[in-house]
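Following: one structure in structure tokens, then a few remarks.
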Amino acid sequence: MQRSLQAPTPKGSTLAGGPRVQPRPSRLQAVILGAASGRRRGRKPVSTAQGKAGGTAAAAAVGSAPAADPPASALSSMAVAAESEAARVQPKEVSPEDFQAPSGQLLPINKLSPPSPADVYRCIGCTKPECQGPNGCAAPDMAWRNKPDGYLKNILTAKVYKIAVETPLQEAQQLSKQLGNTIMLKREDLQPVRSFKVRGAFNRMSRLTPEQLAIGVVCSSAGNHAQGVALAAKTLGCKAVICMPTNSPEIKVNAVKELGGIVKLVGESFYEAQFEAQKLAEQDGLTFIHAYDDPFTCAGQGTMGLEILRESETLDGDLDIIFVSIGGGGMIAGIAAVVKALNPKIQVIGVEPAGANAMCQSLVRGERVVLSKVDAFADGVAIKLPGAEPFRLCRELLDGVVMVDNGAIATALKDVFNETRTILEPAGAVALAGAKAYLQYYGLKGKRVVAVTSGSNMNFDRLRLVSELVDIGSVETMLAATIPEQKGAIVQLLEMASGPDGTPFDVTEFEFRSFDAGRGGTARVLLGLGVSPGTKACRAMMDKFAQTEGYAITDISDMDLAQTHLRHMVGGPALQSDGAPVQDERIFKVDYREQVGMLRKLLTPLSPRWDVTLLHFRKTGNRFATALLGLRIPDDEMEEFEATLEQFRSGMEREFVFTPLSDRERDVFSLFI
């Protein structure tokens, strides 16, 4: 029997466009209502028009008409007031872990809270008085963005096909059969630079004047946007300076150079590269090309939505949902703008990794937030602060957002490989991971959905990490167990690892560590099984474990830290020479930029001042990675340790970020290390 999908929607939260599948009541509603009640009342939320289906939708519109321009005499004082208010209302910094929800649950969008001054779109570095008002950018060539049909017209006339291609909508037949729904892939990985980014970059640059093209353009990027800008510049015959972090993958640096881009390696983080790009724009008169926070860029990406609508008409049946990954938000904003204008009954749902959920948190809270850190596994969408213009469009047009973990993303990457023999980059598989999670969470069947496969610029070094995460949380369950330290206990454990009919589950991983051997103690086991977590068969197995004395089992399939570290570290606690456990041990997750020399750079300020009790550090191929570090730090030395950590902080980007294990992580890790 299909479970009920209806649940009350938080007051002021609108899920637009046709029949809705509402999320279950949760503490997220309190977050929404709290965000709204803590801010000024009396201002209207962003307006929407009535769609043909009768639900609230943006029918050919994005935003309401702009307010009348103030008199010229008021512009100067208005600019000062706006700048002062924007300075006071900076985006709030939050952690990805502050916001959690089950994978695939549709999270509603808060449309009650009034827009924040920090969320108004303006060109980077703009100080023009006329642009500092509540409507933001007042440039004449941007006036269309606030008109009812502005985005639709600009998407219909977008100049992208001089270098972009119309990519196919391809049914994933194996996956469709497996899920009981029709799954179609919008193959943006087949673009000339293997990413959708070329659409927005060329549409933006094709609008530049001959004088601007003669001077050239500049951008900051470590990957796909850099290649899109370089190809667009080559096609338009202008100079393109691409500022990239020094730790950018060599394969991407070389790809930009081959396209004619002038690569400038700057700093060790994206923010340092962006600062340099903006400085060059001001210093040399180059035009800065933003990766996502630009109306023309959003409109260029929106051409994907037109193609999806046109291509889906040739297939049998109506389209129900389009799933799109979110980083800065430019792609989904453009797609939603055209889809909701032409067919508001189709739902548009955003998907973000749980460890890089900036737009998700922003939409649920009703204002943009900046993440204190991001999980860079899907580095193409690992953005700390979503764009202001994409946020405005997403807040008005999307039907909700879902989050997925890294295991689901890796498994979706494998699904696409099985269907197409193409290896996507992790960010390119995020939308499909969200589609699968959503359909499974609500038990939906017979739906026709599209997932945008946004890119395939995969670094070979990352394949090892991806392969380790594949199937965890989808068709593989990972368990942490304590079992009696007695003969036959392992066999008994494996006998219980079976379905209701006694058929044994496939053992995908088994790691065992003996504790207190021969003294009636317990042993520790890390066990991987070929059964999907949360299924009836898995629950029946967990019930058997719970009813058996001496066996304590915890499902850790959703714990990314366990997949990337714990499975390589099964051993035992640190012991002193007399056999007693080491006292004052503190274990940290340490996030860092992956580049040569970082391990030595991490340890030099800490050792030999403090004893290192545990260290797991491995290359992942990501721009950022996480190490596990254990140190002996007595309570009376914590103040000194905190002072030492200040050495790791530099500018906007912390060089190393130390985070203690969560309570759940500590409970699981204490079984083995």
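As the structure is a computational prediction, the values presented were derived from the model and not from experiment.
With salt bridges taken as basic N to acidic carboxylate O contacts below 4.0 Å, none links Glu637 and Arg632.
For the pair Arg586 and Phe588, the NZ or CZ position fails the cation-pi test of under 6.0 Å to the six-membered ring centre and within 45 degrees of the ring normal.
Here the closest heavy-atom approach between residue Asp375 and residue Ala356 is recorded as O-CB, 4.1 Å. Across all non-hydrogen atoms, the minimal contact from Val401 to Ile349 is CA-CG2, 4.3 Å. Between Ile483 and Ala489 the shortest heavy-atom distance is CD1-CB, 4.1 Å. Nearest heavy-atom pair, Thr644 versus Leu606, reported as atom, atom and distance to 0.1 Å: CG2-CD2, 4.0 Å. Closest heavy-atom contact between Tyr441 and Pro102: CE1-CB, 3.8 Å. Considering all non-hydrogen atoms of both residues, Asp555 and Arg664 come closest at O-NH2, 3.0 Å.
Looking at heavy atoms from C-beta onward, Gln105 lies in side-chain contact with Tyr442 at the 4.5 angstrom threshold. Inter-residue side-chain proximity for Val374 and Ile383 is flagged as unmet; no heavy-atom pair is nearer than 4.5 Å. The shortest distance between side-chain heavy atoms of Leu479 and Met541 falls below 4.5 Å. When side chains are defined from C-beta on, Ile633 does not count as touching Asp611, because their heavy atoms never get closer than 4.5 Å. By the 4.5 Å heavy-atom criterion applied to side chains, Met559 and Glu665 are counted as neighbours. In this structure the side chain of Leu265 never reaches within 4.5 angstrom of the side chain of Pro245, judged on heavy atoms. Taking the side chain as every heavy atom from C-beta outward, Ile326 and Pro386 never approach each other to under 4.5 Å. In this structure the side chain of Asp591 never reaches within 4.5 angstrom of the side chain of Phe658, judged on heavy atoms.
Among the candidates Lys252, Lys197, Glu425, the single residue satisfying the side-chain hydrogen bond (donor to acceptor under 3.5 Å, both in side chains) test with Asn224 is Glu425. No option in Val507, Ile490, Thr477 other than Val507 meets the side-chain contact (heavy atoms from CB on, under 4.5 Å) test with Leu527.
No more than 12 heavy atoms of other residues, nucleotides or ligands lie within 6.0 Å of CZ in Phe275, so this atom counts as exposed by the packing criterion.
Side-chain contact annotation: Lys544 with Ser498, donor-acceptor N/O pair under 3.5 Å present.
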Exercise. Run the salt bridge (charged side-chain N to carboxylate O under 4.0 Å, His left out) check on Lys414 and Glu419 step by step: do they pass?
Worked result: CA-CA 9 Å; Lys414 176 186 174 184; Glu419 297 280 352; over 6 Å; no
